[in-house]
Amino acid sequence: MGLKKGDEYLKSIKSLRLKAHVLGEKPGDLPEHGLVEPSQKAVAFTYDAAQDKETRDLFCVESSLGKYVVNRFTHLHQSADDLVNKVKMQRYCGVQTGCCFQRCVGLDAANSIFSTTYECDQKHGTNYHERFNDYWGWIQQEDLVVDGAMTDPKGDRSKRPVEQPDPDLFLRIKERRSGGIIISGAKLHQTGMLNSHEILVMPTLTMRPGEESWAVCCAVPTNSKGIHYIYGRQASDTRKLETYKLDVGNPVYGGQEVMTVFDDVFVPAERVFLDGEVDFSGLLVERFASYHRQSYGGCKAGVGDVLIGATALIAQMNGVDKASHITDKLVEMIHLNETIYSCGIACSATGEQTAAGNFQVNMLMANVCKLNVTRFPYELARLATDVAGGLLGTMPSAADLEDPLAGKYIRKYLAANPEYATVDRMKVLRLIENLVAGAGAVGYLIESMHGAGPPTAQRIMIRRQAKLGEKIDKVKAFLGIK
Ligand code: SF4
């Protein structure tokens, strides 16, 4: 099986016949649901880009598991250059789609599991690494989308998994049977889940002795028996169901989130990659988090490009692009966005080889990258709102534009720079609204804050990785302090 095209991917997802609870309904044909379709198109883009002669060199790479070419979204990084190319690819996808294209989570999970299972086998004599390589070779050759599922509901935050009144608040192994395990629990905030063929389940935090049942990593198909999906709401999401695409803001692509419930799902032994080894749960979480914090340096910078472009364009449309305070604000936006990207590149270029042979990002810089991402998109959004003006929050709907009387007045009174049609000005304003306050803000702002862990998680990692003691010793040495 070679690399799939976007429409082949869409067909393959449709054939899974996934069902989800969406706004109180259970639709029969999920891929064609108006809410789901834009996010599926964003994933399909990652397939088409691997076929496009302009971009295929960036998207296609030789597998390390066999003699075949894979989409970089399934690649096990073999060098620091691979890590850098991953971020470049993500920025490209971000600027082309203006939203989350979802496929990076599985890639980050795979690279973390690959190295962690190797080290776990060395210590415990398990055979998870070989199992994982067999599994991932299949994923690469079939060119599948894999969702990495980490975030548990976590219940009472003051309690450990073992202390929760309901043990399922952290996903766990409920039963060990000959031939496999039964898992029970849920994973929240799953962006790419409904557009994936497979799920890689991982623990959500470092488990301790006594918490073996929660130290689980495994793979299951998204259409497994016992899995239930409940769709999350986004601000202005139902605009995607309306006739007029202008009000959606991003007329082609979009994001979505689902809660995924695992109600006694059977996992065969050959798909289990961690089963009670609590001492490797934390390593897996840290590695995954660092890879995904690196990822944000690419994708959020790409979406930032869209916001900067839209802001510069609306300034032209409003006739204020020559004003010095507008130029200053645009330069500030570019500075913030390129800082995000620079950190993504820096943590990739200084990445190092793991014992298993693949490459891991520089964890300190990856966490600095993500900490910047929790702040800078908000500042970019503030500046875009400032430049765009108050119409961003008060503009009439596309339906009113179609009305003979209202439409005449809208065209007359929302006209600005005569070089641009009023409707085009409305399109740009809706796109900015989408990113700073509409459905797109889920991916660009809320996800920037909480995706791959909230700011506190990065601060903890920065403190851990910073080698503060070494810095103190250096100062003592040159000051002659004992
Ligand atoms: Fe990829 Fe960014 Fe979406 Fe994460 S948030 S899956 S890095 S596009």
Side-chain angles (χ1 to χ4, degrees), residues 38-47 49 58-59 71-75 77 83-112 144-151 187-196 198-200 202 232 234 250 253-258 260 287-307 337 340-341 343-345 347-348 361 366-367 369-370 372-374 376-377 380 435 439-454 457-458:
S39 76
Q40 239 161 36
K41 283 187 180 156
V43 181
F45 179 84
T46 68
Y47 283 89
L58 181 59
F59 280 72
N71 188 307
R72 192 177 289 284
F73 275 105
T74 65
H75 185 48
H77 316 299
L83 291 170
V84 169
N85 283 330
K86 174 195 167 196
V87 177
K88 287 184 178 171
M89 172 179 77
Q90 288 165 320
R91 184 165 188 171
Y92 177 75
C93 290
V95 74
Q96 294 297 322
T97 63
C99 68
C100 170
F101 35 88
Q102 307 149 55
R103 219 175 159 186
C104 335
V105 191
L107 169 65
D108 293 340
N111 274 279
S112 325
L144 301 181
V145 180
V146 180
D147 182 77
M150 181 166 273
T151 310
K187 293 288 181 186
L188 304 186
H189 324 311
Q190 297 303 302
T191 314
M193 185 68 89
L194 292 179
N195 301 331
S196 297
E198 288 275 316
I199 309 167
L200 273 171
M202 294 170 285
Q234 297 180 338
N250 185 338
Y253 303 113
Q256 63 184 10
E257 306 287 332
V258 287
T260 304
R287 285 186 177 167
F288 170 77
S290 297
Y291 277 125
H292 211 59
R293 287 167 194 173
Q294 169 217 24
S295 292
Y296 276 27
C299 81
K300 300 303 178 201
V303 179
D305 286 331
V306 174
L307 186 59
N337 204 44
I340 290 173
Y341 185 59
C343 290
I345 293 292
C347 70
S348 310
V361 292
N367 280 280
C369 175
K370 173 67 209 318
N372 285 339
V373 170
T374 64
F376 295 175
L380 277 144
L435 289 171
V442 174
Y444 188 53
L445 299 180
I446 300 174
E447 195 174 86
S448 288
M449 182 67 75
H450 290 287
Q458 286 105 67

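Whatever order the structure lists them in is the order used to number ligands and atoms, beginning at 1. Here, residue 1 is the first one in the sequence, and each next residue gets the next number. Every value quoted in this text rests on a predicted model; they were computed, and no experiment measured them.
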#### Entry: Under 4.0 Å to a heavy atom of K300 - the qualifying atoms of ligand 1, by number
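Listed by number with element, the hits are 5 (S).
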
Check: [X]/[Y] side-chain N/O donor and acceptor closer than 3.5 Å:
{"X": "T191", "Y": "Q102", "value": "no"}
{"X": "Q90", "Y": "S295", "value": "yes"}
{"X": "N195", "Y": "S39", "value": "yes"}

### Query
With under 30° as parallel and over 60° as perpendicular, where do the rings of F101 and F73 fit, or are they tilted in between?
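Because their plane-to-plane angle is over 60°, the rings of F101 and F73 count as perpendicular.
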
### Message
Can you tell me how the ring of H77 sits relative to the ring of H75, calling it parallel under 30°, perpendicular over 60° and tilted otherwise?
### Response
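Aromatic pair H77/H75 classed perpendicular.
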
### Protein N, O or S within less than 2.8 Å of atom 4 (Fe) of ligand 1, waters excluded
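As for protein N, O or S atoms lying under 2.8 Å from atom 4 (Fe) of ligand 1, they are H292 NE2.
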
### Query
Charged N to carboxylate O below 4.0 Å: is that the case for D108 and K86?
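Counted as a salt bridge, because a side-chain N and a carboxylate O are separated by less than 4.0 Å.
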
